[in-house]
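Remember, it's a predicted structure, so these values are computed and weren't measured experimentally. Note that these values count all heavy atoms, side chains included, but never hydrogens, waters or copies made by symmetry.
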Amino acid sequence: MTLLSVIIPFGLSKERLYIQDRIFEKIEDFKDLKEIEFIFVEGYSSLKNDLREKIIQNNYIYLKDDTQINFFSQGKCRNLGASFASSSVIMFLDVDCYLSKESFLKILNLIKIKNISLNLNALLVLPVVYLTQEASNFLKKQDKNLWDGLIQNDLISGKNTYVKFFAPSSTSSIVINKHTFLKLGGNDERFIGHSYEDFDLFARILKSCIEFEKIPSNLNYDSRNWNFCSFEGFRSWFSLLGYETCFYGIYMYHFWHVEPNQNAYMQNKDKNHKLFYNHLKNIKTHTLKPLQVFKAKDEKVLMLFKEQNYDFKDISVYIGEIVYKNINDFFIDKELKHELLLNFLQQEKITKIFLDGSLKQKFINIDYCDIFYFQKGILPHSWFFSKNLELDYKQDLNLSEQEFYQVKKYFLTLSNNERKIILDFLNDKNDDKCDLYKMLYYLINELYSFEHEGIFYQIIINQEKILMARNYSKSFYSLKSFVYKPYLYELKSIKPFLFLIKILGLKYINTMISHTKFYRLIRKLFFNPKGFLEDLRMKRNI
């Protein structure tokens with residue numbers, strides 16, 4: 001079992017011939033990294049190629065997203081790769097970015113230390129150094145063992161001989177628990193072409209997984225680049241975890257390349273920005289439907305309940321897209337009409353049905369669907385998902401001393417009422433041979449799914465262990481953490497002038513201006529005139 005799955009999206013065109021060379025380089029670079037599964041995902045390519053054979057011959061995984069007809073989508077490629085990944089931890093790596101073997105080994109160690117495979121809310125975010133054209137050509141002539149030292153020395157010393165600019169958080173290169181990524185809906189596929197789909201995803205990840213002691217008060221402000229010094233706006237929020245990885249000495253490098261606007265890939269940037277900004281303004285409520293693992297991609301599930309509605313988005317990751325219906329919707333004059341139900345199943349193309357265990361009705365002519373049952377378990381926060389409601393709870397188990405101690409300790413932590421429910425269940429079975437602690441061990445480890453405040457951290461369906469996480473608490477970063485070091489002086493200083501600006505409403509006006517294209521152009525003209533002229537020349541050529 002591999003420890004990490006790395007997903008590499010790509011698409012080829014005659015305007016970007018360098019991409020094929022960079023795929024070849026990655027094929028050679030990754031051969032010694034046996035603990036990592038590499039998944040190359042090809043999106044839309046306007047250039048015919050034989051990369052599939054080359055990738056497979058070198059024992060990597062190749063996937064093709066056939067839904068990309070006229071344009072290339074990084075986000076769709078990442079979603080497809082994540083649904084196919086066999087590891088419980090995934091990472092995204094753009095084809096233009098380089099990560100040394102030493103950095104990969106550090107990442108593997110941190111996955112173990114942070115226990116990301118079992119900790120649903122632990123993650124790593126990679127900073128990225130964008131290299132100049134001259135540096136990209138120069139490095140190719142140097143020993144690869146020196147690349148990390150050469151680039152990091154240039155960046156940290158401030159010489160910037162090789163560095164075009166530094167982004168403390170790449171936002172697209174995230175190491176994250178696969179279940180968490182899929183549950184959050186992955187990349188929003190409404191973003192078309194270049195830019196902002198990774199920002200949108202990262203904002204949802206931070207909201208769901210991380211708790212910071214201090215975040216910027218004005219998340220909506222957009223500095224429009226990574227060259228900022230103040231703790232303001234969503235980019236400074238994004239930068240915190242990138243700085244953490246900097247302190248571990250892990251940096252990713254982006255090699256220079258031309259940026260032709262083939263297939264209108266670059267022209268949707270402003271539309272994407274507006275979509276992201278709308279989502280950011282509603283960050284507390286903005287969500288996406290979960291993605292599914294590969295084998296559940298085409299499944300559609302009816303969750304049929306009686307009185308109380310449910311939210312099983314975590315379960316949806318493994319069984320398919322869920323449609324929730326109250327059984328009363330299929331009643332006429334207090335009688336269940338099977339014809340209504342059958343018509344609904346056909347119209348919605350339902351392939352599986354999960355029935356509320358409290359339903360007493362008999363269903364006919366639905367044998368062509370897989371049928372499961374669900375109900376609350378007898379343990380706190382437990383759920384039962386199975387094809388059979390009646391199970392033999394007498395298990396001939398030989399518990400070790402540690403297992404026996406853990407189960408006994410769990411039982412003693414329960415309230416009197418919770419213990420009574422368990423003991424009544426035993427009495428109801430009317431079987432003295434059913435040992436309390438053996439039964440508890442069986443329920444906890446082999447039968448029940450568990451959730452905390454509606455979020456599942458253990459999922460077992462029909463006695464198949466699908467998700468066995470251990471930590472569901474948000475990862476917390478206090479002000480003592482090194483992630484705040486770049487902003488520490490600002491956070492500890494009192495700034496009456498900034499407070500006055502906020503009171504007068506000028507901060508809101510500043511935020512609105514920061515999202516205009518005019519602001520971005522003026523800022524670039526003043527702070528990076530060379531880059532402004534390069535952009536102007538490129539647009540004229542296009």
Side-chain angles (χ1 to χ4, degrees), residues 67 76 79-80 82-84 120 177-190 204 208 285-331 336 338 340-359 361 363 366-377 381-389 447-469 472:
T67 66
K76 292 186 75 173
N79 289 349
L80 178 60
S83 70
F84 195 87
L120 298 179
N177 185 283
K178 180 179 68 176
H179 171 79
T180 300
F181 175 83
L182 295 174
K183 179 190 73 173
L184 292 175
N187 287 269
D188 190 336
E189 296 181 4
R190 288 173 292 182
R204 283 182 281 119
S208 174
T285 57
H286 172 56
T287 58
L288 295 182
K289 288 183 179 179
L291 297 174
Q292 278 75 43
V293 294
F294 197 75
K295 68 178 183 179
K297 260 188 171 300
D298 297 323
E299 302 284 353
K300 199 164 184 183
V301 181
L302 172 62
M303 198 70 63
L304 194 59
F305 59 93
K306 184 177 181 181
E307 295 176 354
Q308 180 184 352
N309 199 354
Y310 301 97
D311 183 3
F312 291 139
K313 58 179 177 290
D314 300 66
I315 309 295
S316 170
V317 170
Y318 306 100
I319 63 174
E321 180 186 349
I322 296 179
V323 178
Y324 299 91
K325 291 291 286 184
N326 191 315
I327 193 171
N328 293 329
D329 294 340
F330 303 107
F331 271 73
L336 176 63
H338 286 88
L340 287 177
L341 176 59
L342 292 173
N343 288 340
F344 179 82
L345 297 178
Q346 292 173 359
Q347 289 172 5
E348 293 293 326
K349 298 179 180 178
I350 299 295
T351 57
K352 289 189 181 114
I353 302 175
F354 276 69
L355 300 174
D356 189 330
S358 64
L359 295 177
Q361 290 81 8
F363 298 92
I366 58 173
D367 296 341
Y368 65 92
C369 288
D370 280 338
I371 299 176
F372 296 79
Y373 298 91
F374 70 92
Q375 63 182 19
K376 282 185 173 291
H381 313 296
S382 67
W383 286 86
F384 178 51
F385 300 92
S386 179
K387 286 190 171 184
N388 185 7
L389 284 174
L447 194 66
Y448 278 173
S449 301
F450 287 91
E451 51 89 8
H452 174 74
E453 296 181 354
I455 298 174
F456 281 83
Y457 58 93
Q458 177 167 301
I459 299 174
I460 299 176
I461 298 178
N462 207 38
Q463 295 181 267
E464 178 186 356
K465 296 178 182 179
I466 295 174
L467 175 69
M468 304 295 286
Y472 48 77

Checklist line | Contact check, side chains of Q292 and V317, non-hydrogen atoms, under 4.5 Å | finding: no

Next item on the list: Could you grab the distance from atom CG of L341 to atom CG of L336, nearest 0.5 Å is fine?
Entry: 6.5 Å

Item checked: salt bridge (Lys or Arg N to Asp or Glu O under 4.0 Å) partners for E348, two or more places apart -> K300

Next item on the list: Go through the steps to decide whether M303 and V323 satisfy the test side chain to side chain contact (heavy atoms under 4.5 Å, CB included), and finish with yes or no.
Entry: CA-CA 6 Å; M303 198 70 63; V323 178; over 6 Å; no

Margin query: If the condition is ring-ring contact (aromatic ring centres under 6.0 Å, His included), which residues does F374 pass it with, not counting sequence neighbours?
Written below: Y310, F312

Next item on the list: Please round to the nearest 0.5 Å and tell me the distance separating atom CG of L302 and atom CD1 of I353.
Entry: 5.5 Å

Margin query: Run the side chain to side chain donor-acceptor pair (under 3.5 Å) test against D298 and tell me which residues pass, sequence neighbours left out.
Written below: none

Notebook entry, point to check: For K376, which residues count as a salt bridge (Lys or Arg N to Asp or Glu O under 4.0 Å) partner, sequence neighbours excluded?
Noted result: none

Notebook entry, point to check: Do I322 and I319 have side chains that get closer than 4.5 Å, going by heavy atoms?
Noted result: yes

Next item on the list: Go through the structure and list residues passing side chain to side chain donor-acceptor pair (under 3.5 Å) with S83, not counting sequence neighbours.
Entry: none

Item checked: Rounded distance [0.5 Å steps], CD1 in I455 versus OH in Y472 -> 10.5 Å

Note to self: Any non-hydrogen side-chain atom of Y324 less than 4.5 Å from a side-chain atom of D311?
What the structure shows: yes

Check: Does the side chain of C369 reach to within under 4.5 Å of the side chain of T351, using non-hydrogen atoms?
Finding: no

Note to self: For the CZ atom of F181 and the CG atom of L291, what is their distance to the nearest 0.5 Å?
What the structure shows: 6.0 Å

Check: Would you say the side-chain atoms of D356 and S358 include a donor-acceptor pair closer than 3.5 Å?
Finding: yes

Notebook entry, point to check: Would a distance-only check, ignoring hydrogens and angles, find a side-chain to backbone donor-acceptor pair under 3.5 Å from D370 to K352?
Noted result: no

Checklist line | Value rounded to 0.5 Å, distance of CD1 in I366 from CG in L345 | finding: 7.0 Å

Next item on the list: Enter the distance from K297:NZ to L80:CG here, rounded to the nearest 0.5 Å.
Entry: 6.0 Å

Next item on the list: Please name the pair of heavy atoms, one in Q463 and one in I460, separated by the smallest distance, quoted to 0.1 Å.
Entry: CA-CG2, 3.6 Å

Note to self: What I want to check is whether the side chains of S449 and Q458 have a donor and an acceptor closer together than 3.5 Å.
What the structure shows: no

Checklist line | Contacts of K76 that satisfy side chain to side chain donor-acceptor pair (under 3.5 Å) - sequence neighbours left out | finding: T67

Notebook entry, point to check: Do side-chain atoms of N326 reach the backbone of N328 as a donor and acceptor pair under 3.5 angstrom?
Noted result: yes

Item checked: With T287 via side-chain contact (heavy atoms from CB on, under 4.5 Å) - residues at least two apart -> K207

Checklist line | With F330 via ring-ring contact (aromatic ring centres under 6.0 Å, His included) - residues at least two apart | finding: F344

Check: Does the separation of the ring centres of H381 and F450 fall below 6.0 angstrom?
Finding: no

Check: Does R204 use its side chain to pair, donor to acceptor, with the backbone of G186 at less than 3.5 Å?
Finding: yes

Margin query: Could you work out, with side chain to side chain donor-acceptor pair (under 3.5 Å) as the rule, every residue matching K295, not counting sequence neighbours?
Written below: none

Notebook entry, point to check: Does a donor on one side chain and an acceptor on the other come within less than 3.5 Å for E189 and N79?
Noted result: yes

Next item on the list: List for me each residue that meets ring-ring contact (aromatic ring centres under 6.0 Å, His included) alongside F363, sequence neighbours excluded, and say none if there are none.
Entry: none

Item checked: P290 backbone acceptor or donor facing S316 side chain under 3.5 Å -> no

Notebook entry, point to check: Going by heavy atoms in the side chains, are I459 and W383 under 4.5 Å from each other?
Noted result: no

Notebook entry, point to check: Under the salt bridge (Lys or Arg N to Asp or Glu O under 4.0 Å) test, which residues partner D188, sequence neighbours left out?
Noted result: R190

Check: Can you name the residues that form a ring-ring contact (aromatic ring centres under 6.0 Å, His included) with F372, not counting sequence neighbours?
Finding: F354

Check: Among Y318, Y457, F456, whose ring-ring contact (aromatic ring centres under 6.0 Å, His included) with H179 holds?
Finding: Y318

